[in-house]
*Asks:* 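One structure is given below, represented as structure tokens, and several questions about it will come after.
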2 protein chains.
Amino acid sequence: MTTSRPRGRDWRPGERGDVLDPRCPTRRLLDRIGTKWTSMVVKVLAEEAPDEIRFAELRRRAPGISQKMLSATLQSLVRDGLVARRVEPTVPPAVHYRLTPLGLSLEGPLSALRVWAETHMPEIDRNNQLADESPAH
Amino acid sequence: MTTSRPRGRDWRPGERGDVLDPRCPTRRLLDRIGTKWTSMVVKVLAEEAPDEIRFAELRRRAPGISQKMLSATLQSLVRDGLVARRVEPTVPPAVHYRLTPLGLSLEGPLSALRVWAETHMPEIDRNNQLADESPAH
DNA sequence: CGGTATCCTGTTCGATACTG
DNA sequence: CAGTATCGAACAGGATACCG
């Protein structure tokens, strides 16, 4: 994905790459959930729901994610209003995350996609292997 | 999305960026439908179904796509077995595309995602505007 | 008509180091 | 504990030109 949505605060609609914007909502949603860790983070959050979960625990549940990427992913989700962030002002601070109602509402379509993926990705993999074996000939 | 799946034929499982592979099927599916033009191409194909559609017509229906990207997107979909390609050996050649049954089966989950996006992206946009207005304070 | 090949820019993301 | 800052590598995808 190039020209994906800028996550920084210096974005204004009409600035760059959106000559053919407003892009369709689906495309823009995919820009969000299509980033490397977002779907996994949302899934962990959803499985934990309606309980809160802390940063470190979340990290443990998303094996392979770096601190930086978990932080960035969560900030993006919070900014979108899909995730709520609550800070307990202790020292050291304890930060809790959970899906908002909006975030939870995404779980339906998203889990449908998960089911499809689990069901059909093996077939897609087989198709790719076949394509490799007969190199267009 | 970085480290997205290599589309070329020189890929072997275990080669690069997949230290934490096998990645979950959902992530791998999103690598596919999350690329810039795939969801739009699939949508056009689905709306055209069960009829075939030609390259140029497809291009007209996906405003903004370049020849290169349409070609690449279709090749990827064909390789995955989501789209079938049929060449009429005339001169100049006429090439027709259509969703396979597998591709059609993806339409369910995908259109659920479209409905969610159309319903809720405005709210996400509002949330982002709010985040911009109160700069974390 | 339906593609390839090449060049180039922006973006994503991993690694690493530092902080309140 | 829960981040932020910085660097570098890899890649997606736009522009353009050419081809059977």
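Letters A, B, ... mirror the listed sequences (proteins, then strands); counts begin at 1.
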*Asks:* Run A:E52 and A:R54 through salt bridge (charged side-chain N to carboxylate O under 4.0 Å, His left out) and show every step you take.
*Replies:* CA-CA 7 Å; A:E52 294 181 315; A:R54 294 184 58 178; over 6 Å; no

*Asks:* Looking at A:R85, I'd like to know whether one of its side-chain N or O atoms comes within less than 4.0 Å of OP1 or OP2 on D:dG3.
*Replies:* yes

*Asks:* If you round to the nearest 0.5 Å, how far is CZ of A:R32 from CD1 of B:I124?
*Replies:* 5.5 Å

*Asks:* Using OP1 and OP2 only, check whether a side-chain N or O of B:Q67 sits under 4.0 Å from C:dC1.
*Replies:* no

*Asks:* Tell me which donor-acceptor pairs under 3.5 Å the side chains of residues 107-115 of chain B have, and how far apart each pair is, sequence neighbours excluded?
*Replies:*
residue: B:E107; atom: OE1; partner: B:R114; partner atom: NH1; Å: 3.3
residue: B:E107; atom: OE2; partner: B:R114; partner atom: NH1; Å: 3.4
residue: B:E107; atom: OE2; partner: B:R114; partner atom: NH2; Å: 2.8
residue: B:S111; atom: OG; partner: B:E107; partner atom: O; Å: 3.3
residue: B:S111; atom: OG; partner: B:G108; partner atom: O; Å: 3.2

*Asks:* What's the closest nucleotide to the side chain of B:P93 if the choices are D:dG13, C:dG3, D:dG20?
*Replies:* D:dG20

*Asks:* Are B:V87 and B:V91 connected in a single hydrophobic cluster, I mean Ile/Leu/Val/Met/Phe/Trp/Tyr linked by side-chain heavy atoms less than 4.5 Å apart?
*Replies:* no

*Asks:* Can you find an N or O donor on one side and an acceptor on the other, under 3.5 Å apart, linking the side chain of B:K68 with the base of C:dG3?
*Replies:* no

*Asks:* Regarding A:R59, tell me which of base, sugar-phosphate or nothing describes its non-hydrogen contacts under 4.0 Å with the strands shown.
*Replies:* nothing

*Asks:* So does B:R54 get a side-chain nitrogen or oxygen closer than 4.0 Å to the phosphate oxygens (OP1/OP2) of C:dC1?
*Replies:* no

*Asks:* Using the closest heavy atom to pick a nucleotide of DNA chain D for each, name whichever of A:P92 or A:S71 lands nearer the 5' end.
*Replies:* A:P92

*Asks:* Would you say a side-chain N or O of B:Y97 is under 4.0 Å from OP1 or OP2 of C:dG3?
*Replies:* yes

